[in-house]
Structure formats: structure tokens, C-alpha cells
There are 2 protein chains.
Amino acid sequence: MSGSVPATGRPKDRILGTARSLFRKCGIRGTGVDAIAESAGTNKMTLYRHFQSKDALIVACLEDAARDAEELWRTVEASAPGEPRKQLDTWIRLVEAGLHHDRGCEFSNAAVELPEACSVVRDTIASFKRTQRERLAGICRDAGIREADRLADTLGLMVEGARVSRQASGDEGPSSRFADCARMAIDHFALQGSPGIANAPAENQPAE
Amino acid sequence: MSGSVPATGRPKDRILGTARSLFRKCGIRGTGVDAIAESAGTNKMTLYRHFQSKDALIVACLEDAARDAEELWRTVEASAPGEPRKQLDTWIRLVEAGLHHDRGCEFSNAAVELPEACSVVRDTIASFKRTQRERLAGICRDAGIREADRLADTLGLMVEGARVSRQASGDEGPSSRFADCARMAIDHFALQGSPGIANAPAENQPAE
DNA sequence: CCTTGAAGTGACAGGTCGGTAACATTCCGT
DNA sequence: ACGGAATGTTACCGACCTGTCACTTCAAGG
């Protein structure tokens, strides 16, 4: 009893969802498997039947979070198909909204919390970050930004910083200015030269 | 035996130094007080005679780190007295150098690792972050940047992001572009308008 | 009906955690 | 040389940790 998640769906799904939620709230090291099982309305044995170890559960949670991130990119794309500049706007708005709901990036938090994690965990984190970096750089390229990679890294550093800064300084800290700073960076890089709009050749705009 | 820190100085200092070093390497939750005492070449009882609890030891470590940060600002100031623009350059170089040596910011890491920490720990973190923000904004103001606070927050988000990004993505990730992005932001804000024109004089230099 | 397999239960191993008590020893200023 | 303070040693506590055990319940499907 006292599970914070109603007993709907299969135990495996409840365990996964509960684990993610508790990891976010209390941290990974601050959450024991007992607490996860009980909070999921099940028991430890069932947890271990579905997940080989706590590490495996952590990886499963991260993979789940990665699926959410993929969905976010789909939302971004759908918000303005074929208009990458507007997609960047959407991205900023979604990231900013996420700042207030979540306790930072689950992957970055895991990297900080588990500096000596097993290789599979660290690989999952690094691989996810590579994917996100490429997704963002892709939109920047599509937007005709000349130094797309550099802009993507600038934005990447800012969002990473905003998410961790909020945990250290709260909502009133520097993270409150993320959207502001991000838009300014985009404008700066766009002025710097965007083939399709200002000057220079648009090599390969993906038709549309 | 097997203390990684030679038994020089008073036990209290050795404990503090060892704790900081272990917290950095293994994380706070990943480091037990037994390990700290042994690695400091002393024992748990002596540790508890000098520090009321592990939380108190954590706070002491953070205060020690804050002293280091103060020294960094002094170095920045001394690198180019009365030339805030050059001080910003120094700051970037020092931060970048620190990226490769440390495992991120001890305060931010603590905030991520201890989402449910006692209030004194969280206050120490938040207060430190406020101080750093103000230090950086102060130099930006002295440099005659019109939107000094905004630039300070932009740089603050970037450095915070670089430090956490390195832990998740390694040295080849976005953190490798921190100096690049930071200098670009400074140039952008400087062009945007500085009361005394392009780069020059901080208006009210206390004669020196 | 009976079989099968997933899920639930309580107990427990083996270990580490933060923290304490009682006592022995060493150091150092006077 | 003395005495008090600082330090070291050993043992211990209760709580929590991950992970495993044997066993029970129960519902679906043939």
C-alpha cells in the first residue's frame, strides 16, 4: 500500500515510471530499490525479475527519458514544418517550460551523481548527449546558420547551464534568463550570416 | 595507513582536504566518512571531534571551495588592474583551464547530488552562487557593458553548462567550445553598446 | 479440470552507512 | 617532569543498502 502511483498497467511499467519519478525527486543514490518497489505498488522480487540490477533499472529509466526527448524533437518539428527558425523558437519555449517542471536533465544529473558508474550507464549518457547535440545542430543547419555547430554548442551549454543552475540557485537565478540569452545568441548567429535569408549560398535546404 | 594524503598538518586540515578531494572524485554520497578518515591518515573519532556531522563536513568543504573561488577573483583582478575587459579574458582562460582539472563545480555538483539536503547546505550553495553572479556582473559593469547583468547571466549559464557537460560528454563535447562561445558573447554585448564606446574605459575607476 | 507462469510475501544474507561510547596513548606547553 | 588536551583504537549501534531465498496466490488458457 501507500504506493504513490496507482496500480494501473503492468508492474514493469509501474516500476519504471515510479523509478524515474523517484530518481528525479530524491536523486538516484537517494532512492533505494525497496522504496521504488513499494511506491510502485509491488515488491522487490518483481522488480528484480524485470530488471537485472539497479544499474539496469537506471539504464532503462534513461532509455525511457531518451524516448521522451525524441518526442520533444518531433513536437518541435511538427510545430513549424519546414521552418527551422520557428522550430528553434519552439524549442526554446519548450525547454524553458521544462525548466520549471523537472529537476534538471536526468542524464546530466546521473553523470554528476554517478561519477564512477559502470560503463553501460556512462555510455548511455554520452550517446544521448551526442544525439541531442546533433539534433540541435541539424535544425541550426537547416535554418541556414553558417556556423551552425557553434550555435548549437552555445545553445547546448546554455540549456545545460540553465538546468543545473536552477537546482543550485532556484527559479530566480540565472536560469530565469535562459530564453532571453538563447534568443540573443540565435539572432547574433543569424545576423552573422544565414545563406537563405541574408546572404550567401543555401547549399542544401531540404525541399519544403 | 594507505592515506592518499601524507600526514602533514593538523588532522582537521588533512580531513578537510581529503574530504574535498574524495567528494570531487567519488561524489559526496559516494564517499563514506570511514574512507575520508582513513584516507586522511586518521580515524573516524577524530573526524567527528572536529566536525559535528557529515553535513557539517560538507559545508566546511564548500566554504573551503568558496575561499578558493575568492582567490580566483583576486587573480583575475590582479591580472589587469583597472582593465575589466582584460579581466574577462583572464577569467575565461582560468575557467577553461579549470574545466580540464576539476570534475565540475563543487557547489553545483552538491546541489545535484543532494536534492533533499538540509537547509544549511542548500543555503551555502545558493549564497555562493549569488556571490559569483555578482562578482561577474561587477566586472561586466566596470567594463562599461550596458546590459552587464544580462551578459553576466549569459556567461554564467555557459560556464555552468560547460562544467556539467564535461561530466556527461567528456572533453570532446560542447564544453570544448566554452571559451569560443564566451568570447563571442562578450564581443556581442560590447558592440551592443558600451557607454564609453567600444572596449575602453570603466568610467569610475577608483584612481589607481 | 489442471497446468503454467507471472506476481506477491516475508525473511534474510552480507555489507555499508552515519554516528557514538569507553578507553588508551601521544603530544606539548608549562 | 607533569598534566591536560589532542589524538588513536576498538567495539558497537541501528538503519539502510542491494540482492536472493523459498514459498504462496491467482488468473488465463488448454
Side-chain angles (χ1 to χ4, degrees), chain A residues 1-20 22-23 25-62 110 113-121, chain B residues 1-20 22-23 25-62 110 113-121:
Chain A
M1 51 208 72
S2 85
S4 57
V5 167
T8 61
R10 289 199 187 76
K12 180 169 182 176
D13 299 327
R14 296 189 333 246
I15 290 169
L16 197 65
T18 304
R20 266 190 78 184
L22 285 181
F23 286 165
K25 186 167 64 161
C26 314
I28 295 178
R29 304 196 81 134
T31 305
V33 289
D34 284 296
I36 295 171
E38 187 196 341
S39 184
T42 178
N43 57 77
K44 200 160 46 164
M45 255 336 286
T46 300
L47 187 154
Y48 275 102
R49 269 196 283 265
H50 289 294
F51 303 95
Q52 197 195 353
S53 64
K54 189 184 181 182
D55 275 353
L57 177 57
I58 293 170
V59 170
C61 285
L62 292 179
E113 264 199 275
L114 310 169
E116 297 179 314
C118 63
S119 63
V120 50
V121 170
Chain B
M1 48 209 70
S2 86
S4 57
V5 168
T8 61
R10 289 198 184 74
K12 180 170 182 176
D13 298 328
R14 280 163 18 218
I15 291 169
L16 197 65
T18 304
R20 267 191 78 183
L22 285 180
F23 286 164
K25 185 167 64 160
C26 314
I28 295 177
R29 302 197 82 131
T31 305
V33 289
D34 286 293
I36 295 171
E38 187 196 341
S39 184
T42 177
N43 56 74
K44 198 159 52 162
M45 250 344 283
T46 299
L47 187 154
Y48 275 102
R49 283 196 194 97
H50 289 293
F51 304 95
Q52 198 196 353
S53 64
K54 190 185 181 183
D55 275 353
L57 177 57
I58 293 170
V59 169
C61 285
L62 293 178
E113 266 199 275
L114 311 169
E116 298 180 311
C118 63
S119 64
V120 49
V121 171

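It should be emphasised that the depicted structure is a prediction, and the values quoted were computed from it without experimental measurement. Each chain gets a letter, A, B and so on, in the order its sequence line appears, and its residues count up from 1. Because only heavy atoms are used, hydrogens play no part in the values below, and waters and symmetry mates are left out as well, while side chains stay in.
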Angle of first-five versus last-five pair axes in the helix from C:dC1-D:dG30 to C:dT30-D:dA1, to 10 degrees: 10°
Within 45° cone of B:F51 ring axis and under 6.0 Å: B:K12 NZ or CZ: yes
A:F23/A:I36 under side-chain contact (heavy atoms from CB on, under 4.5 Å): CA gap, chis, key distance, verdict: CA-CA 9 Å; A:F23 286 165; A:I36 295 171; 3.8 Å; yes
Whole angstrom value for the distance that separates P of C:dG10 from CG of A:L47: 17 Å
Nearest-0.5 Å distance, NE2 of residue B:H50 to CG of residue B:D13: 9.0 Å
Between C1' of C:dT20 and CZ of B:F51, the distance in whole Å: 18 Å
Can you tabulate the close N/O pairs, meaning under 3.5 Å, that link protein atoms to atoms of nucleotides 27-30 of chain C?
none

Rounded distance (Å) that lies between atom P of C:dG18 and atom CG of B:L22: 12 Å
Flag, side chain of B:T31 to backbone of B:L22, donor-acceptor distance under 3.5 Å: yes
Taking N or O atoms only and anything under 3.5 Å, show me the protein contacts with nucleotides 3-8 of chain C, one pair per line.
from	atom 1	to	atom 2	distance (Å)
C:dA7	OP2	A:H50	NE2	3.0
C:dA7	N7	A:R49	NH2	3.2
C:dG8	OP2	A:T42	OG1	2.6
C:dG8	OP2	A:T46	OG1	3.0
C:dG8	N7	A:R49	NH2	2.8

Rounded distance (nearest 0.5 Å) linking atom CZ of A:R20 with atom NZ of A:K25: 15.5 Å
Donor-acceptor pairs under 3.5 Å, side chain of residues 113-120 of chain A to any protein atom, not counting sequence neighbours: which ones?
from	atom 1	to	atom 2	distance (Å)
A:E113	OE1	A:I28	N	2.8
A:E113	OE2	A:I28	N	2.9
A:E113	OE2	A:R29	N	3.0

Separation of C:dG19 P from B:I15 CD1 (nearest whole Å): 14 Å
With A:D34 via side chain to side chain donor-acceptor pair (under 3.5 Å) - residues at least two apart: A:K44
A:L47 to A:I15 - nearest heavy-atom pair and separation: CA-CD1, 3.6 Å
Short N/O separations, protein against nucleotides 14-18 of chain D, under 3.5 angstrom:
from	atom 1	to	atom 2	distance (Å)
D:dT18	OP1	A:K54	NZ	2.8
D:dT18	OP2	A:V33	N	2.8

